[in-house]
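Below is one structure, written out as structure tokens; comments come after it.
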Protein chains: 2
Amino acid sequence: MATIKDVAERAGVALGTASRVLSGSTQTSPDSRARVLAAAAELNYIANGPARALRRARTDVLGLLVSDIRNPFFSELAHAAETEAMRRGYTVILANANEDEAQADEYLRIFAGQRIDGLLLSPQGPLSPRLTSLLASGMPVVLLNRRVAGLDAPLFSTDNAQGVGLVLDWLQAGGHRDVAFVGGPTAMSTGAERLAAYLAGRESHGISTDDALIDSGDFLAGGAAAAIARILDRGVRPTAVFGANGPTTLGVVRGLRERLGVEAASRIEVVSFDNLDWFEFATPPISAVRNDAATIGRLGVAGLIGLIEGRDVASERIETTFVDRRNV
Amino acid sequence: MATIKDVAERAGVALGTASRVLSGSTQTSPDSRARVLAAAAELNYIANGPARALRRARTDVLGLLVSDIRNPFFSELAHAAETEAMRRGYTVILANANEDEAQADEYLRIFAGQRIDGLLLSPQGPLSPRLTSLLASGMPVVLLNRRVAGLDAPLFSTDNAQGVGLVLDWLQAGGHRDVAFVGGPTAMSTGAERLAAYLAGRESHGISTDDALIDSGDFLAGGAAAAIARILDRGVRPTAVFGANGPTTLGVVRGLRERLGVEAASRIEVVSFDNLDWFEFATPPISAVRNDAATIGRLGVAGLIGLIEGRDVASERIETTFVDRRNV
DNA sequence: CTGTTAGCGCATTCAC
DNA sequence: GTGAATGCGCTAACAG
């Protein structure tokens with residue numbers, strides 16, 4: 001692999017000059033500039049990132065820690081974040097915490113070792129010691145969609161209350177009274193906020209306040225199926241079910257069909273936070289809050305770069321829209 | 001951030017001793033070992049990756065270039081690859097080519113700059129100059145699922161012919177004669193192989209050889225919907241449709257419903273290469289080849305590490321299984 | 001077993 | 001505007 005020294009030799013200039021041409025801001029003569037560029041092209045020169053990072057004390061790499069890349073919300077977010085980062089000259093390292101705190105911590109260690117310039121974090125749980133020490137070391141951090149107690153960083157997140165409001169309006173318009181709610185872990189701000197907004201708004205939307213209709217899973221299909229089963233076990237018979245995120249709604253539909261059979265399940269309307277490809281094919285079609293992962297990813301990266309460059313960055317709430325599939 | 005020098009000072013040993021304890025293979029006295037470890041823990045020492053990489057001329061980082069992380073096949077693959085890599089002491093940098101050659105090339109450049117130790121590649125198209133020069137520089141590479149002409153690297157891929165065989169058996173068992181096939185780009189080996197296997201086997205499985213029933217999209221929903229529309233425009237009326245990958249099947253179902261209406265579409269059986277969460281909810285349920293992305297990712301990483309460590313690595317075909325949802 | 005030293009590739013400082 | 005020299009943090013080679 002060619003080094004900058006090789007380039008300089010071939011161009012007949014000193015190493016410093018080559019460096020200035022290739023990455024420096026300082027002026028260089030048109031002549032040496034042309035010769036260095038030519039030499040670099042001929043040698044197929046690509047600067048050694050680690051060496052550059054060592055010298056400059058920055059890597060132009062951002063770390064993105066999400067809970068599960070297999071969740072379409074996060075894969076869309078990751079995709080958008082990566083695109084935005086690349087556009088701005090940064091590279092993203094993606095890590096999956098698997099909704100597991102220990103693994104999240106391990107990745108934070110790896111990120112620290114790689115000397116990332118900043119961290120995009122969708123936290124799994126409370127503030128870990130490693131995260132605390134990362135913050136203490138001055139690492140720029142932005143939060144994606146989930147808040148964490150004790151961490152004062154800009155947050156880019158869905159407007160959960162607004163999204164739940166759209167669902168409540170839709171439920172009311174459909175004349176539902178007995179509505180089951182399957183939420184996520186209340187330890188996550190997303191889970192807590194969606195539940196809180198639902199509880200706060202149900203009465204004014206003509207929805208039963210019977211708490212037998214409320215249960216929570218783990219924001220994954222398995223936990224949600226178990227939650228809807230528990231609700232049905234209490235003897236209540238909802239006419240509609242609200243799943244608080246994409247995987248939850250998947251589990252809800254599975255659970256309803258297993259428990260009640262396909263026929264009876266098809267008489268229950270399902271509505272979801274997070275809009276998935278297949279909702280249009282369900283029986284009946286599933287209406288949903290469109291949760292704009294791409295915007296969150298894009299704004300998160302922009303905010304993080306702002307932080308890295310020393311600017312003030314404010315949190316942002318991203319509005320949702322609603323996809324009504326009731327009468328299509 | 002503490003350096004190894006700080007650790008050595010605090011432990012009262014020389015820099016070299018600290019290095020040996022922290023990452024060296026050579027023996028050190030239990031005493032210095034304990035003191036260095038204690039000092040490192042107290043200082044919250046995390047080795048500077050770039051400096052280490054510079055000196056060792058390796059980064060312990062693998063690059064993974066996929067075509068679209070939003071495709072569940074790849075997000076599952078990426079997840080498995082990342083987990084396996086971490087288990088073996090490597091970090092993965094994930095890049096999305098967006099099914100775009102120029103972007104793929106740009107990422108190869110970034111990978112080269114980061115001095116990754118090896119590359120997991122799911123190629124987009126033909127051999128680009130940059131890929132050629134990467135290979136020429138001795139970069140270890142394994143191919144995931146897609147072959148590329150002129151590149152002789154170990155390939156870890158689905159057994160496409162075997163998977164298509166399972167579909168053909170299932171179609172025959174269902175008594176289908178008029179079957180539409182919606183494939184992907186034949187420039188991709190995946191697309192070409194699935195089509196070839198289908199064409200080769202259809203006659204012996206009692207399926208019409210009318211080529212009006214065959215068309216191809218881009219392995220994305222949009223292209224597939226257009227392809228099934230073209231097929232219907234030719235006046236043929238299939239009783240079953242075979243979608244050659246997950247997004248394709250999504251597009252097929254959309255296209256059928258748009259074109260024929262929900263009622264008529266529900267009388268057409270759909271079968272898919274790649275098994276998606278929602279197939280059980282479709283009307284009628286969609287049977288599918290389970291394409292084991294996780295195994296491909298895991299074996300790919302294992303193979304790549306083998307290459308990096310100088311071992312011989314053989315290509316592997318991963319068998320598929322079939323999820324029959326016809327009579328559930 | 002341990003201390004000392006060189007140098008990985010680069011950006012940058014200091015002379016000129 | 002350019003050349004020479006320095007050192008980022010670390011590992012490995014060498015000498016003891």
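None of the values given here were measured: they were computed from a predicted structure. Lettering follows sequence order; numbering is per chain, from 1.
Look at A/Y45 and you won't find any side-chain N or O under 4.0 angstrom from OP1 or OP2 of C/dG9. For C/dT2, the OP1/OP2 oxygens have a side-chain nitrogen or oxygen of B/S32 closer than 4.0 Å. Contact annotation: A/S29 side-chain N/O to D/dT2 OP1/OP2 distance is under 4.0 Å. Contact annotation: B/S19 side-chain N/O to D/dT11 OP1/OP2 distance is under 4.0 Å. Put simply, A/T17 has no side-chain N or O that comes within less than 4.0 Å of OP1 or OP2 on D/dT2.
Rounded to an integer number of Å, the gap from NZ of A/K5 to C1' of D/dA5 is 14 Å. Taking atom CZ of A/R115 as the reference point, atom P of D/dC8 lies 14 Å away to the nearest angstrom. In this structure, the CD atom of B/Q114 is 15 Å from the C1' atom of C/dG9, given to the nearest Å. Regarding A/E9, its CD atom lies at a distance of 14 Å from the C1' atom of D/dG3, rounded to whole Å. Put simply, CD1 on A/I46 is 15 Å from C1' on C/dG9, counting in whole angstrom units. C/dC10 atom C1' lies 11 Å from atom CG of A/L22, rounded to whole Å. Spacing between atom CG of A/L15 and atom C1' of C/dT13 amounts to 14 Å, rounded to whole angstrom units. The distance from atom CD1 of B/I4 to atom P of C/dG3 is 13 Å, rounded to the nearest whole Å.
In the interface, the side chain of A/R20 is paired with the base of D/dG3 through a donor and an acceptor atom under 3.5 Å apart.
A donor-acceptor contact shorter than 3.5 Å is absent between the side chain of B/E316 and the backbone of B/L299.
At a non-hydrogen distance threshold of 4.0 Å, B/L54, B/R55 from residues 47-59 of chain B come into contact with DNA chain C.
Inspection of the A/S122 and A/N145 side chains reveals no N or O donor paired with an N or O acceptor under 3.5 Å.
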